[in-house]
Amino acid sequence: LNILLCGDFDAAQRQQWLDALQAALPEARWLDRAQALVEAATVQAAVVANPAPGSLQGLPKLRLIQSLWAGVEGLLADPTLPTEVPLARMVDPAMNAAMAETALWAVLSLHRGFFDNAAAQRAGVWRQQAQRPAGQVQVAVLGLGQMGAAAARRLHQQGYRVAGWHLHNSPAKVEGVALHRSENALAPLLAKSDIVINLLPLTAATRALLDARFFATMPPGSAIVNLARGAHVVDADLLAALDSGHLQHAVLDVFHHEPLPGGHRFWRHPRVTLLPHVAAQTDPHSAATAVAANVRALMQGAPLAHLVQRRRGY
Ligand code: NAP
Ligand code: GLV
């Protein structure tokens, strides 16, 4: 069983993935792109992490593309991606748990003013703020899929008032979380939210969704947490909303260009807390288990899990 493993990892990361994948799927041989081209007629699956465009060309027997990333907008943007081969995205309970932790840290820090406390410490200022109970803080989670549902559940358990926004009829049911569906439901939800967390996939419908109109709909003094993709945000509009004080803070994990260029205003903006795209990293061990399950399903002719619906883009 020959499988192409390729992506934007360095040698050490590749070795870490190889170790985990070999342990989870000992019956497979893992080929790099050059080897895969030599043995092209034997390669049945490809396991990829943000591969360079064109990496999946020239493999006539390919029957599964398994992404190691949850978000697949980069793969779908590659015009050479074979259209007839099923594409599965990474769904990993360890990633969902990590995302829920990041969302909880961001919401707790915003609600309790801990980012302001850290800034006051740097300025040598003793400044106390009024506290309010979690049950008075309204949080909106945009996207109630794997990541959004895990975050919403964790926040509800922590006592926050949580509402979620999604698109189709069959969202994950999250106990205690009010569901809002359809485009029209977004503005009223934003208008009543103290904190908005973005966990949408990046698609034609969601690119640049977080723009001036979006921020203006949020109440004065509210905060935004973007844990999904940089291209969801119009940076200039977010900076304007922060500069004017309309938004009190932004927690940003993802950016248009990563690493975030040194001169970008987000780096030093007093109302921005940023992370280097670490909200939920793929864990090689649990992800390898998910890969092995899908490859074995392929071999047995069983249904493949977590297939991307290319038409809708996630
Ligand atoms: P998912 O399970 O596919 O969930 C996507 C959710 O978004 C679903 O609830 C879906 O609604 C909703 N949605 C999609 N398009 C929408 C639209 N136009 N309007 C309203 N709702 C819409 O995806 P996931 O696994 O939770 O991952 C979400 C994103 O998180 C990924 O695409 C990736 O960009 C990002 N991510 C970031 C990190 C990080 O470290 N920062 C790590 C992993 C993932 P329906 O179900 O109703 O269709
Ligand atoms: C990370 O951002 C992912 O999509 O897995």
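Order of appearance sets the numbers: ligands from 1, and atoms from 1 within every ligand.
- Those atoms of ligand 1 that come under 4.0 Å of a heavy atom in R89, given as number and element, are 1 (P), 2 (O), 3 (O), 23 (O), 24 (P), 25 (O).
- Every atom of ligand 1 with a heavy atom of L144 under 4.0 Å away is listed here by number and element: 6 (C), 8 (C), 9 (O).
- Here the two rings, on H111 and Y160, have centers that are under 6.0 Å apart.
- Contacts of A279 with ligand 1, taken as heavy-atom pairs under 4.0 Å, involve both backbone and side chain.
- Near A205, the atoms of ligand 1 lying under 4.0 angstrom from a non-hydrogen atom of the residue are 18 (N).
- A search for side chain to side chain contact (heavy atoms under 4.5 Å, CB included) contacts involving A287 returns W17, M90, D92, T282, not counting sequence neighbours.
- Only the side chain of R229 comes within contact range of ligand 1, with a heavy atom under 4.0 Å; no backbone atom does.
- No part of Q281 comes within 4.0 Å of ligand 1, judged by heavy-atom distances.
- Protein residues lining ligand 2, listed by chain and number: W69, A70, G71, M95, R229, H277 [non-hydrogen atoms, distance under 4.0 Å].
- Closest heavy-atom approach to atom 7 (O) of ligand 1 among the candidates G230, G313, P201, A228: P201.
- Using modelled atom types, one finds a donor on one side chain and an acceptor on the other under 3.5 Å when comparing D78 with T80.
- The part of D253 lying near ligand 1 is the side chain, judged by heavy-atom distances below 4.0 Å.
- Taking CG of L62 as the reference point, atom CD1 of I3 lies at 10.5 Å (rounded to 0.5 Å).
- The six-membered or imidazole ring of W105 lies near that of F115, with a centre-to-centre distance under 6.0 Å.
- Of the listed options Y314, W69, W165, W165 places a heavy atom closest to atom 20 (C) of ligand 1.
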